[in-house]
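This is a predicted model, so every value here is computed, not measured. Every number for a ligand or one of its atoms is a count from 1 in the order of the listing. All values below come from the heavy atoms of this structure, side chains included, with hydrogens, waters and symmetry mates left out.
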Amino acid sequence: MRKKIVVGNWKMNKTVAEAGELAAAVLEKLDDGIVTCEVGIAPPFPALTEVGKVVEWSDIRLVAQNCHFEDDGAYTGEVSVHMLASLGCGYVIVGHSERRQYFGETNQTVNLRLKKALDEGMQVIMCVGETLEERENGVTEKVVTEQVRQGLKDISDLGGVVLAYEPVWAIGTGRTATPEQAEEVHASIRRTISEMYGELAAGHLRIQYGGSVKPSNAAELFAKPNIDGGLIGGASLKAEDFVAIVKAAS
Ligand code: PEP
């Protein structure tokens, strides 16, 4: 049985003080319910320390939104895995579609980041997903399979890996994939993983869904057999909504 995982990706939102307040509100609301899934929060880099302090004694994981693949050096604006680890991050997101779309991220650079994070003992959430044009052209499975294969190139052990299927057309648009549409892609990803790593590894791998998940649609999505939780953008900026989604996964 795979333990579901729900992570809030706050993207480029919240000052340090606001982030601390939001994390405290999430923690407080989670405390009054039974939570059986893994929960993580990915604030922007400047707020990692503050959020880390708030969640330090809780089960909430501190998650980074990105990392670089070198240890250090002349890479202005980048942050290395060991810097993130020193702040208490246990997970890092790589390959988010916004990184691919706006910052030139490719399957190859996603693979480099993922490898570096795993080498340093950090767990990784690797995002994959097709654009609207690709879906309309009927190449969703081909695109996603390629992202999975290239992103995981030369990775022999999936122990520290979570995948997130995030159709680009559903991110921040209010348009959610139907549970059936999402399940179809999740099942195809699991087949690819089975071909690459065998059935046992495929059975253990967690695949989150992301794309306009809200309290009103979370339970239906999470009820699908191959959907193991969610990567939540917009709805994670409201403690009440995020906690409702976490509870739907519990
Ligand atoms: C995301 O950024 O990973 C995401 C899924 O965003 P939203 O929930 O806002 O669509």
S.K.: Looking only at side chains, do Ser97 and Gln101 share a donor and an acceptor under 3.5 Å apart?
M.R.: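 Side chains of Ser97 and Gln101: no pair found under 3.5 Å.
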S.K.: With Thr192, which residues qualify under side-chain hydrogen bond (donor to acceptor under 3.5 Å, both in side chains), at least two apart?
M.R.: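 In terms of side-chain hydrogen bond (donor to acceptor under 3.5 Å, both in side chains), with neighbours along the sequence ignored, Thr192 is linked to no residue.
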S.K.: Looking at atom 3 (O) of ligand 1, what's its closest protein heavy atom, distance included?
M.R.: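 Result: Glu166 OE2, 2.6 Å.
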S.K.: Suppose clustering is done on Ile, Leu, Val, Met, Phe, Trp and Tyr with side-chain heavy atoms closer than 4.5 Å. Which residues sit in the same group as Ile93?
M.R.: Ile5, Val7, Val63, Tyr91, Ile125, Val162, Leu231
S.K.: Is there at least one pair of N or O atoms, one from Glu98 and one from ligand 1, spaced under 3.5 Å apart?
M.R.: no
S.K.: Among Pro167, Ala235, Gly233, Ala42, which one has a heavy atom closest to atom 6 (O) of ligand 1?
M.R.: Gly233
S.K.: Do me a favour and list the nearest non-hydrogen protein atom to atom 9 (O) of ligand 1 with residue, atom name and distance?
M.R.: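 In this structure, atom 9 (O) of ligand 1 has Gly234 N, 2.8 Å as its nearest protein heavy atom.
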S.K.: Can you check whether Ser212 has an N/O within less than 3.5 Å of an N/O in ligand 1?
M.R.: yes
S.K.: Salt bridge check, Lys53 against Glu50: does any charged N sit closer than 4.0 Å to a carboxylate O?
M.R.: yes
S.K.: Counting each atom of ligand 1 from 1 as listed, which ones have a heavy atom of Gly211 under 4.0 Å away?
M.R.: 5 (C), 10 (O)
S.K.: If you have a sec, work out which protein heavy atom is nearest atom 1 (C) of ligand 1 and how many Å separate them, to one decimal?
M.R.: His96 NE2, 3.2 Å
S.K.: For Ser97, state whether at least one heavy atom is located under 4.0 Å from any atom of ligand 1.
M.R.: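 Heavy atoms of Ser97 never come under 4.0 Å of ligand 1.
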S.K.: Taking only heavy atoms of Asn9, which atoms of ligand 1 are found under 4.0 Å from at least one of them?
M.R.: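 The list of qualifying atoms is 2 (O), 3 (O).
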S.K.: Please work out whether the ring planes of His68 and Tyr75 are parallel, tilted or perpendicular, with thresholds of 30° and 60°.
M.R.: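 Tilted.
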